[in-house]
Amino acid sequence: MTNINELKNFSKDIQGKIFFDYNLKKTNWFNIGGVAPVYFKPESLNELISFLKRFGSKEKIFLLGAGSNVLMNDGIFQGIVIKLGKKFSNISQLSDTTLVAGSAATDRQVSEFACESHLGGFEFLSCIPGTIGGGLKMNSGCFEREFKDVLLSIQAIDNTGKILTIPSSKINFVYRGNNLGKNLIFLSASFKGKIGDKSIIQNKINELKFKKNQSQPTKIKTGGSTFKNPINQTKEKAWELIKKSVPLDTKFGDAGISEKHCNFFVNKKDASFKDMKNLIDFVKNSVKSKTGIDIETEIEIIK
Ligand SMILES: Cc1cc2nc3c(=O)[nH]c(=O)nc-3n(C[C@H](O)[C@H](O)[C@H](O)COP(=O)(O)OP(=O)(O)OC[C@H]3O[C@@H](n4cnc5c(N)ncnc54)[C@H](O)[C@@H]3O)c2cc1C
């Protein structure tokens, strides 16, 4: 680990904050996690660049968004966690049909901004509780739309502090992922929408939110869909395979399966990483032995 004094000195010259021994539990939707020896919250691009130039190639870095797709280990995180500050969440309109959003902006904020700007095509974002950065990494989507469908380009920074602009045509997006290097931090992205009527766009947002609330649980400690749909092996969805392979009241400690949607796993009270990981492994193995199908996690397990 980088010399803590060096980091303390660096923190004196910046507006952003460096926290030491930061509790990760409250930083993610599962409310599970250990301690990050160093947790950096940059408040400007210059701060992020200088930080990466000094420490970026010495350390493993994990960029945390809204924490809605991660399961974190209870132990001590081996590396530095970076969480982009408020300055990375600006959203603005570039032209009649295009907008740019900082990667710390939430998907919901972008969807609302687009609606206010009479821009359609972003309604699905109102149903995904993450940030733009997490959505780009996961190629998140719902109701037959994904990030790749609206993306024009990404602005990113690598672990040496070098900034790159990557047009969407140069990125190979797949279901819940892309082929970009693991070391890239997304800074912002530009998107293309379609001029539309504000009230029609708002109605569509309401309709999608309603549908989502009908089928998926809300206000619980979850990471959303635990497993990806195994689209290359079967037409059946992950939840259908789980339903026929596992008793739905299966629990490991306080880790259980949502009654509303069996691909959503829940921290019912104070589940540990091990409880949730045991549940995930149990379900994966049960689906394999009952159906022969290998299901892969959609949530990212951070060790
Ligand atoms: C209740 C609920 C409902 C959900 N519904 C959906 C849904 O309908 N569709 C769907 O696709 N997903 C859904 N999800 C999953 C999740 O919301 C998405 O994957 C979301 O895009 C993750 O964004 P995040 O900011 O929370 O990322 P995090 O969980 O913080 O991180 C996820 C990954 O993205 C990376 N990352 C985050 N920000 C950046 C950045 N700036 N630069 C580089 N890498 C970055 C992280 O390093 C990590 O690898 C749901 C989750 C929950 C809890």
Side-chain angles (χ1 to χ4, degrees), residues 24 27-33 36 41-42 45 48 52 60-72 77 79-85 87-89 101-111 123-149 154-159 163-164 166 171 173-178 180-189 208-209 211-213 215-229 237-239 258 260-261 263-267 297-303:
L24 292 169
T27 65
N28 64 85
W29 273 61
F30 269 125
N31 272 207
I32 293 175
K41 213 166 171 197
L45 181 56
L48 180 60
L52 291 171
K60 177 174 124 186
I61 286 179
F62 178 72
L63 204 294
L64 180 67
S68 63
N69 202 57
V70 288
L71 172 61
M72 290 180 159
F77 181 77
I80 292 175
V81 175
I82 299 183
K83 166 96 180 171
L84 301 178
K87 291 272 162 63
F88 294 85
S89 59
S103 60
T106 65
D107 298 341
R108 279 178 191 152
Q109 286 167 339
V110 173
S111 165
E123 297 86 348
F124 74 104
L125 290 180
S126 63
C127 297
I128 306 175
T131 61
I132 291 299
L136 294 169
K137 171 80 183 276
M138 297 305 300
N139 186 27
S140 299
C142 54
F143 302 113
E144 262 109 69
R145 302 275 288 170
E146 293 177 326
F147 263 67
K148 70 165 175 34
D149 300 325
I154 295 179
Q155 198 186 36
I157 188 167
D158 71 13
N159 63 338
I163 293 181
L164 308 91
I166 314 163
I171 307 169
F173 282 104
V174 291
Y175 166 58
R176 301 297 169 263
N178 64 54
L180 294 172
K182 276 200 163 182
N183 283 337
L184 284 186
I185 294 176
F186 305 129
L187 298 169
S188 63
L208 296 185
K209 279 187 178 168
K211 273 196 199 161
K212 175 110 176 171
N213 287 343
S215 61
Q216 295 180 6
T218 47
K219 299 189 181 122
I220 54 163
K221 298 192 259 183
T222 182
S225 294
T226 314
F227 293 99
K228 293 180 198 171
N229 292 322
K237 306 265 191 213
W239 71 264
S258 155
K260 202 162 176 188
H261 195 301
N263 195 18
F264 278 51
F265 294 0
V266 193
N267 173 2
T297 48
E298 178 169 328
I299 57 170
E300 198 175 328
I301 298 175
I302 314 291
K303 294 216 172 124

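Just so you know, these numbers use all the heavy atoms, side chains as well, and skip hydrogens, waters and symmetry mates. Numbers here are sequence positions counted from 1. When a ligand or atom number is given, it counts from 1 through the structure's own listing order.
Polar contact check, Gly67 against ligand 1: a nitrogen or oxygen pair lies under 3.5 Å apart. Any N or O atom pair closer than 3.5 Å counts here, and Phe264 shares no such pair with ligand 1. For the pair Ser140 and ligand 1, the shortest N or O to N or O distance falls below 3.5 Å. Ligand 1 has no N or O atom lying under 3.5 Å from any N or O atom of Ser225, backbone or side chain.
The closest side-chain heavy-atom distance from Ile299 to Phe30 is below 4.5 Å. For the pair Phe77 and Met72, the minimum side-chain heavy-atom distance is 4.5 Å or more. With contacts defined as side-chain heavy-atom distances shorter than 4.5 Å, the pair Pro129/Arg108 qualifies. Looking at heavy atoms from C-beta onward, Asp149 lies out of side-chain contact with Glu144 at the 4.5 angstrom threshold. For the pair Phe264/Thr226, no side-chain contact is recorded, criterion being any heavy-atom separation below 4.5 Å from C-beta on. You'll find the side chain of Asn267 stays beyond 4.5 Å of the side chain of Thr222, heavy atoms only.
Residue Ala66 touches ligand 1 through backbone and side chain together, judged by heavy-atom distances below 4.0 Å. Contacts between Cys142 and ligand 1, counted as non-hydrogen atom pairs separated by less than 4.0 Å, involve the side chain only. Both the backbone and the side chain of Phe186 come within contact range of ligand 1, each with a heavy atom under 4.0 Å. Under 4.0 angstrom from ligand 1, there are no non-hydrogen atoms of Leu187.
Closest protein heavy atom to atom 31 (O) of ligand 1: Val70 CG1, 3.9 Å. Annotation: atom 8 (O) of ligand 1 to nearest protein heavy atom, Lys212 NZ, 2.6 Å. Of the protein's non-hydrogen atoms, Leu63 O, 3.7 Å is the one closest to atom 36 (N) of ligand 1. Summary of contacts: the protein heavy atom closest to atom 17 (O) of ligand 1 is Ser68 OG, 2.7 Å. Nearest protein heavy-atom neighbour of atom 48 (C) of ligand 1: Glu300 OE1, 3.1 Å. Distance from atom 25 (O) of ligand 1 to its nearest protein heavy atom, with residue and atom name: Thr131 OG1, 2.6 Å. Closest protein heavy atom to atom 27 (O) of ligand 1: Gly134 CA, 3.6 Å. For atom 13 (C) of ligand 1, the closest non-hydrogen atom on the protein side is Ile128 CG2, 4.1 Å.
A donor-acceptor pair is defined here as one N or O able to donate and one able to accept, closer than 3.5 Å; such a pair exists between the side chain of Asn178 and the backbone of Leu136. For Ser103 (side chain) and Phe186 (main-chain N/O), a donor-acceptor pair under 3.5 Å exists by modelled atom type. Using modelled atom types, no side-chain atom of Asn213 and backbone atom of Pro217 make a donor-acceptor pair closer than 3.5 Å.
Here the closest heavy-atom approach between residue Ala189 and residue Ile132 is recorded as CB-CG2, 4.4 Å. Nearest heavy-atom pair, Val70 versus Asn28, reported as atom, atom and distance to 0.1 Å: CG2-CB, 4.0 Å.
Taking every heavy atom of Lys137 and a limit of under 4.0 angstrom, the matching atoms of ligand 1 come to 33 (C), 34 (O), 35 (C), 49 (O). For ligand 1, the atoms closer than 4.0 angstrom to any heavy atom of Trp29 are 1 (C), 53 (C). Close contacts of ligand 1 with Gly141, meaning ligand atoms under 4.0 Å from a residue heavy atom, involve 7 (C), 8 (O), 9 (N), 10 (C), 11 (O). Close contacts between ligand 1 and Met138 involve ligand atoms 19 (O) [criterion: under 4.0 Å to a heavy atom]. Listed by number with element, the atoms of ligand 1 under 4.0 Å from a non-hydrogen atom of Leu64 are 30 (O). Below 4.0 Å from some heavy atom of Ser103 lie the following atoms of ligand 1, by number and element: 41 (N). Residue contact check: Leu184 has heavy atoms under 4.0 Å from atoms 43 (C) of ligand 1. Of all atoms in ligand 1, numbered sequentially from 1 with element shown, those under 4.0 Å from a heavy atom of Gly135 are 21 (O).
Within the 4.0 Å heavy-atom cutoff, Ile302 does not count among the residues contacting ligand 1. Within the structure, ligand 1 has Arg176 among the residues with a heavy atom less than 4.0 angstrom away.
Salt-bridge check for Arg176 with Glu146: passed, with a basic side-chain N closer than 4.0 Å to an acidic carboxylate O.
Atom NZ of Lys221 has more than 12 heavy atoms from other residues, nucleotides or ligands within 6.0 Å. Applying the 6.0 Å contact sphere to NZ of Lys148 captures more than 12 heavy atoms from other residues, nucleotides or ligands.
Figure legend: cation-pi geometry between Lys83 and Phe62 absent, as NZ or CZ is not positioned both under 6.0 Å from the six-membered ring centre and within 45° of its axis.
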